[in-house]
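One structure below.
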2 protein chains.
Amino acid sequence: MTTLKDVALIAGVSRATVSLVCRGSPLVADKTRKKVEAAMQEAGYVYNRNAANLRSSQTNTVGLIIPDISNPVYAELLSGLEEVLDPLGKVVFVADTNELFERQSHFLQRLLEMRVDGLIISTVSGTPTSVLEPYRRENIPLVQVLRMIDGAPFDYAGINNRLGARQAADHLLQLGHRQIAFLGSLISPSVNRERYMGFCDAIERRGFSPASMPMITCRHTYGAAAQAAKTILADSRETTGLVCFNDIIAFGATLGLYELGLSPGYDVSVVGFDDVEAACNWRPPLTTMSIGARQLGKYAATLLAQRMEQPDLPVRTQFSEAKLQVRESSFPPRK
Amino acid sequence: MTTLKDVALIAGVSRATVSLVCRGSPLVADKTRKKVEAAMQEAGYVYNRNAANLRSSQTNTVGLIIPDISNPVYAELLSGLEEVLDPLGKVVFVADTNELFERQSHFLQRLLEMRVDGLIISTVSGTPTSVLEPYRRENIPLVQVLRMIDGAPFDYAGINNRLGARQAADHLLQLGHRQIAFLGSLISPSVNRERYMGFCDAIERRGFSPASMPMITCRHTYGAAAQAAKTILADSRETTGLVCFNDIIAFGATLGLYELGLSPGYDVSVVGFDDVEAACNWRPPLTTMSIGARQLGKYAATLLAQRMEQPDLPVRTQFSEAKLQVRESSFPPRK
DNA sequence: GCAAAAATTTGGATCGATCTAATTTTAAAT
DNA sequence: ATTTAAAATTAGATCGATCCAAATTTTTGC
């Protein structure tokens, strides 16, 4: 195992100088740098980050804890994060909790022990504030995304779910649909509640009764969503619009419609939520509420970066607005 | 920042003993352990992994480099890996190259510097053996999955692509289809070549000419695949079967069929490749070649674990067989 | 109760980098 | 040429754990 010392010996300089070269310091003269780099090459030197981290108490590592890696929203979020953190030399350590509280606790502890410079987290449903307490105590910058723990003293970047869902439902109502249903989530009860409330808001504002509109929850799989859509249409044949908890469920719903021989967008309109990349590639292209996951990731990373700079900034929580993205899965109802 | 020393002071024992407690050593007496644990609690102690790693040259970290996190195959692979590595106390550091060679090089270097205990990698198309050389030199266990670099001196766990694709095509031929097409990948040329050869094999063995069967490549998006399917059906109306490079493309193809007003499985049969979890949830449930991604992940992790134990084991390469999973997207052609 | 064996505990060296403050070298100004 | 300022380099302490061999305590057998 070759170390700084070996390289220093070959290059005929001190360990400190080699260290400076490793870190790309502007302090070393060009000539020396060349010499050292050649020596590194010759020695087959590999930088030891553990040693560096120990001394400098900076790991250039950021943790990301998410509940479901297979949901493309989080992949997009990650890509936004990296766009901001990469140039800062930070590398992102991703942990997928799979919506399990135990796993989340495990990763929280592990990342703490790794001394990440910061943490970005979308908490498992029902997480108490207390599990984040060690981060506050150790003064490790932490940003919540998409899911927020009530009253937790941390920055937050997410969207206004209630308003977004209201707009989604309103879009269908405005197109003339009079019987619409909400296809909700079994996985994320708290967010589901918000979005369902938004759905109800829209209906009430038009003077209709939410109670007359079907609502059904399902897991986030195509099969479950397809089944849910079929159930709704079987129960209330006159339904012409589906407001879905997210795009995954919307995708599944369209599959269910196809299976019934119906034409999504023509016979029954479908609106999703999230606007993942696949939404515009879907057939028919999916009308959905865009949350701008990439952008949100960039914003969350920025919040984190700023808090790393100034730990004493006041806590900031931002709810951005989801934007309606009209595509071909929604049309006025057939006469 | 509290350290072992602080805890030791409170508990009235030596640093070494506290260290043993941290690592769950059976050497310490029960009474002492209790005392130390209480002291840790009281001091709010957080284990410092960087310090530990430096001294012990074991990080209990395994790197995973994959080309596309949004492809569920890799999510399933990861879950298989974790199933084996978690009980060993190893944590997986996932890096998504997004099929970019530069990013791959960057992560390879970074993980080396982090001193991961091992690496599992699905290389970017066209990766030369040389970029893995440092891992051989540093004697870091490395296992390739799904994609193999010719002649690289590392363990490999993957599947027989050519045979798998042959079986996929053969399934359709056996059902009676006489005009079938191959919907290939633009993203992964080497694997695509293998699978296309398998497709041709099946056709030749039946005495037909592969040249008469359409073949078209596309990116891994629903939109691109839907378009490709439509192009094929426009060019050769008599096509009744589609063999797809993977499930994503197969999904897109069925969407294209729906869009044409055709009924996938009934009018045109579709076969995928991978058998991701969504395949059985698709509508119609997708006939596909199962590669058992989870199982493959478990196997790759086992290879890695074994090599960690015994670095001098001979190199092992295993090509398992993809298994045909017949579902409703394939039927005999209509008369 | 005592010697021998087994079980626990421990001090001090060590891992490989960074930090600090001081020293040496080079360049600029007189 | 000499002084001064700026640039580049460096020695030695340090980060917080683990390792090792030795010291201590407890248990066992007779």
Side-chain angles (χ1 to χ4, degrees), chain A residues 1-37 39-40 43-61 89 109-110 112-117 138-140, chain B residues 1-37 39-40 43-61 89 109-110 112-117 138-140:
Chain A
M1 191 100 304
T2 71
T3 73
L4 280 193
K5 206 165 85 184
D6 304 314
V7 176
L9 219 64
I10 296 179
V13 297
S14 74
R15 278 167 20 235
T17 303
V18 181
S19 174
L20 290 173
V21 172
C22 286
R23 287 173 285 162
S25 161
L27 283 181
V28 307
D30 247 27
K31 204 167 42 142
T32 334
R33 180 192 317 289
K34 291 261 164 54
K35 210 166 48 178
V36 171
E37 277 166 353
M40 283 172 148
Y45 173 69
V46 177
Y47 185 68
N48 187 327
R49 249 166 228 284
N50 292 307
N53 292 344
L54 172 57
R55 188 60 177 91
S56 72
S57 55
Q58 254 235 42
T59 58
N60 286 323
T61 296
Q109 179 63 25
R110 185 82 182 206
L112 199 62
E113 295 176 354
M114 286 177 58
R115 308 289 154 121
V116 289
D117 294 341
E138 300 285 329
N139 264 303
I140 297 176
Chain B
M1 190 100 307
T2 72
T3 72
L4 280 192
K5 207 163 84 184
D6 304 314
V7 176
L9 218 64
I10 296 178
V13 297
S14 73
R15 278 166 24 240
T17 303
V18 181
S19 173
L20 290 173
V21 172
C22 286
R23 286 174 285 163
S25 161
L27 283 182
V28 308
D30 247 28
K31 205 168 41 146
T32 335
R33 164 174 288 105
K34 292 260 163 56
K35 210 167 48 180
V36 171
E37 277 165 354
M40 284 171 147
Y45 173 69
V46 177
Y47 185 67
N48 186 327
R49 250 165 227 285
N50 290 308
N53 293 343
L54 172 57
R55 186 61 176 92
S56 73
S57 55
Q58 255 234 43
T59 57
N60 287 322
T61 296
Q109 179 64 27
R110 185 85 183 204
L112 199 62
E113 295 176 354
M114 287 176 59
R115 307 289 153 122
V116 289
D117 294 341
E138 300 284 330
N139 264 302
I140 297 176

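All values below come from the heavy atoms of this structure, side chains included, with hydrogens, waters and symmetry mates left out. Chain letters run A, B, ... following the sequence lines, proteins first and then strands; every chain starts at 1.
- Listed by first and then second residue, the salt bridge (charged side-chain N to carboxylate O under 4.0 Å, His left out) pairs that reach into residues 47-56 of chain B are A:E113-B:R49, sequence neighbours excluded.
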- side-chain contact (heavy atoms from CB on, under 4.5 Å) between A:E37 and A:V21, worked out: CA-CA 8 Å; A:E37 277 166 353; A:V21 172; 4.2 Å; yes

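- With sequence neighbours left out, the side chain to side chain contact (heavy atoms under 4.5 Å, CB included) criterion links B:D30 to B:R33, B:K34.
- Nucleotide C:dT25 holds its C1' atom 14 Å from the CG atom of A:L27, rounded to whole Å.
- Shown here are the side chain to side chain contact (heavy atoms under 4.5 Å, CB included) partners of A:A52, two or more places apart in sequence or in another chain: A:Y47.
- The nearest whole Å value for the distance from the NZ atom in A:K35 to the C1' atom in D:dA8 is 11 Å.
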- Task: Sugar-phosphate atoms are those with a prime plus P, OP1 and OP2; base atoms are the rest. Using that split, label each nucleotide of nucleotides 12-17 of chain D B, S or - for protein heavy atoms under 4.0 Å, 5' to 3'.
- Result: BBBBBB

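- Using a 4.0 Å heavy-atom cutoff across all strands shown, A:T32 reaches sugar-phosphate atoms only and no base atom.
- Considering all non-hydrogen atoms of both residues, A:V46 and B:E138 come closest at CG2-OE2, 3.6 Å.
- The side chain to side chain contact (heavy atoms under 4.5 Å, CB included) search around A:D6 returns A:T2, A:T3, not counting sequence neighbours.
- Distances shorter than 4.0 Å separate none of the side-chain N or O atoms of A:T17 from OP1 or OP2 on D:dT9.
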Could you list all N or O pairs between the protein and nucleotides 22-27 of chain D that sit under 3.5 Å apart?
none

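- Nearest heavy atoms, A:L4 versus A:V18: CD2-CG1, 3.4 Å.
- When side chains are defined from C-beta on, B:N53 does not count as touching B:R115, because their heavy atoms never get closer than 4.5 Å.
- In this structure, CG of B:L20 is placed 15 Å from P of D:dA21, rounded to the nearest angstrom.
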